Amino acid sequence: MVSGKLTNMSTSSSTPQVVTRFAPSPTGYLHIGGGRTALFNWLFARANGGKFLLRIEDTDRERSTPEATAAILRGLTWLGLDWDGEVVSQWDRRARHAEIAHQMLARGTAYKCFSTQEEIAAFRTQAEASGASYAVFQSPWRGADPSSYPNAPYVIRMLAPRTGETLIEDQVQGRVVIKNETLDDMIVLRSDLSPTYMLAVVVDDHDMGVTHVIRGDDHLNNAARQQMVYTAMDWAVPVWAHIPLIHGPDGKKLSKRHGATGVEEYQAMGYPAAGMRNYLTRLGWAHGDMEIFATDQAVEFFDLKGIGKAPARLDFKKLENTCGHHLSMMENAALLHELDGYLVAAGVVALTSGQKDLLSRGLYCVKDRAKTFPDLIEKAHFMLISRPIVADEPAAKALDPVSRGILKSLTPQLQTVSWTKEEIEPILNQFVAQNGLSFGKLAGPIRAALAGRSTTPSVFDMMLVIGRDETIARLTEASA
RNA sequence: GGCCCGUUCGUCUAUCGGUUAGGACACCUGGUUUUCAACCAGGUAAGAGGGGUUCGACUCCCCUACGGGCUGCCA
């Protein structure tokens, strides 16, 4: 499933093609912020007829798990973000990373450093003790004569410029200038010959032909160091776009205490994927006043210019509202199919084929009013239950003796009417008129009888959906 | 500590030197009504603070405050 091989993805030189990538580390589920980063990359690639690649950054062997990779792929799939080509494993490419590190050595843009971790720690504590609040580590091996090299383990460090500044032309953040003196000679190859992230990410992005790096702005500072690697190798620097992170409702970085942080949790809560995509797209990106849009519209209009600079907070009310629009826009077949996925994700029992049949007949009267799948199921309750109907408390109150009497005298009149709204409606209107009732006095008990609930879709719709026989049976049962 | 980024209604945002600062969610009021939702009409609500630049700043510059990030042989 995950491969370190690279199929020929570099673009032919004549037609420069947009290539984006999402590169999560497999240490847990797909975070909602990661999901949005992936979404932006996907949208940008699709908007430009380019490719969206996926790479798993699994060089941290301690924390990377295959389960996490699987969870991330599931989350992306649920969000509808399809990637091009094979999933690349960064770990599988470690030989290539080491090769580049040695090329840097040969080019004189990197050097061997024999300082031990203890020596580095000592350097820092000493720097702090001597007043300096913090100091970037300066390796004594920088510029050392190779004849003085001991026979000991070493790391390969980038020979970073100590003066001047590095310019990041960021499509979201604008022009960012970082003084080189604040950057250290970062390690590119560890003493166990494994690559560090800073090296691997550049080598992989280059080899994969990535043209646009769209990622969280927690990487903005890293971009400067990574750009040095591109320069050291004479590689073309990609277009940078560092997008702000998502925050919780309180403005703090989104974390578990805010509730759901995993994409799959949102599936389990019953948000439709299209609504989730719409909401996440609008979170930090805007195209004028456009709020509700289908995914192909988002693809049509998405651009880097529309991305905002400030972190956005998650707003569940707006998420729900957006999802409500999408639920009502969805085709029945697609909706039913996704409903199945929700039931599995939520660990709820699947629907019987009988229930599905009724649902597809009656979806029209519930999908406009539901915001999430559990919401939809509650509103479709009358379609999913079978007799005897159990009334909840408010419904039971609506079935007092007087109301039962009303239902009892109504029922015979439904026996012969043709079963359309046009025919049923006059019968009920006539009935309330003859008995000096308000329509509400009749509708309440009907709701209770048919659905066992006090809030339901229109009584006409319910009658139509479950049919004459079932309607009469439920009314009879309730009025007994 | 140092460096980097950010700051428009409660929230998501529009605005790209001249607007009664617009839209959406949420909230409130009224209408419709068969409950809920929806819908229609209306309403409350914003440029963090302070200095500049300018005829004129939400918009450009500086400072402060607040929030976030980076500062690893993590990614």
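Excluded from the calculations below are hydrogen atoms, water molecules and symmetry mates; all remaining heavy atoms, backbone and side chain alike, are included. By convention in this document, chain letters (A, B, ...) are assigned in the order of the sequence lines, proteins followed by strands, and residues within each chain are numbered from 1. Please read these numbers as outputs of a predicted model, since none were measured by experiment.
For the pair A:Arg36 and A:Phe40, the cation-pi test (distance below 6.0 Å, angle within 45°) is passed.
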Acceptor/donor pairs from residues 150-160 of chain A side chains to any protein atom, 3.5 angstrom cut, sequence neighbours excluded:
residue, atom, partner, partner atom, Å
A:Arg157, NH1, A:Asp185, O, 2.8

Could you give the side-chain donor-acceptor pairs of residues 427-452 of chain A under 3.5 Å, partners two or more places apart or in another chain?
residue, atom, partner, partner atom, Å
A:Asn429, ND2, A:Glu425, O, 3.4
A:Asn435, ND2, A:Phe431, O, 2.6
A:Ser438, OG, A:Lys441, N, 3.3
A:Arg447, NH1, A:Thr456, OG1, 2.9
A:Arg447, NH1, A:Pro457, O, 3.2

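Of the candidates A:Gln173, A:Gln171, A:His219, A:Gln227, A:Trp240 forms a side chain to side chain donor-acceptor pair (under 3.5 Å) with just one, namely A:Gln227.
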Checklist entry - Which letter, B, S or -, goes with each nucleotide of nucleotides 36-49 of chain B from 5' to 3', with contact meaning a protein heavy atom under 4.0 Å? => result BSS-----------

Checklist outcome for this item: For nucleotides 9-20 of chain B, 5' to 3', base contacts (B), sugar-phosphate-only contacts (S) and non-contacts (-) with protein non-hydrogen atoms under 4.0 Å give --BBSS------

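With rounding to whole Å, A:Leu319 atom CG is found 12 Å from B:A26 atom P. One can place NE2 of A:His97 at 13 Å from C1' of B:A75, the figure rounded to the nearest angstrom. Atom NE2 of A:His219 and atom C1' of B:U71 are 15 Å apart (whole Å). Nucleotide B:C3 holds its P atom 20 Å from the NE2 atom of A:His242, rounded to whole Å. In this structure, CG of A:Asp204 is placed 13 Å from C1' of B:A75, rounded to the nearest angstrom.
Within the structure, the salt bridge (Lys or Arg N to Asp or Glu O under 4.0 Å) test picks out the following pairs touching residues 301-319 of chain A (sequence neighbours left out): A:Glu291-A:Lys318.
For A:Thr182 and B:G2, the shortest distance from a side-chain N or O to OP1 or OP2 is not below 4.0 Å. Under 4.0 angstrom from either OP1 or OP2 of B:G6 there lies at least one side-chain N or O belonging to A:Lys309. Between A:Arg215 and B:A75 there is no side-chain N or O to OP1 or OP2 distance below 4.0 Å.
No contact: A:Met290 has no heavy atom under 4.0 Å from any strand. A:Thr322 comes within contact range of no nucleotide atom at all, as no heavy-atom separation falls under 4.0 Å. Heavy atoms of A:Val176 sit under 4.0 angstrom from primed sugar atoms or phosphate atoms, though from no base atom.
Between A:Arg404 and A:Asp400 there is no salt bridge, since no side-chain nitrogen of the basic residue lies less than 4.0 Å from a carboxylate oxygen of the acidic one.
By the 30° and 60° cut-offs, the orientation of the rings of A:Tyr342 relative to A:Phe373 is parallel.
Judged by Watson-Crick or G-U wobble contacts below 3.5 Å, the nucleotide B:C55 has B:G18 as its partner.
The side chain of A:Lys317 lies closest to B:C25, out of B:U34, B:C70, B:C25. Residue A:Asn222 places its side chain closer to B:A75 than to any other of B:C5, B:U34, B:A75. For A:Arg447, taking side-chain heavy atoms from C-beta onward, the closest of the listed nucleotides B:G69, B:U34, B:C73 is B:U34.
Between the C1' atoms of B:U8 and B:U19, the separation comes to 14 Å (whole Å).
Among residues two or more places apart in sequence or in another chain, the salt bridge (charged side-chain N to carboxylate O under 4.0 Å, His left out) test is passed with A:Arg225 by A:Asp184.
Side-chain contact between A:Leu359 and A:Leu336 is present, with heavy atoms from C-beta onward closer than 4.5 Å.
The base of B:C73 has none of its N or O atoms less than 3.5 Å from a complementary donor or acceptor on the side chain of A:Thr196.
Of the possible polar contacts, one joining the A:His102 side chain to the A:Ala98 backbone as a donor-acceptor pair under 3.5 Å is found.
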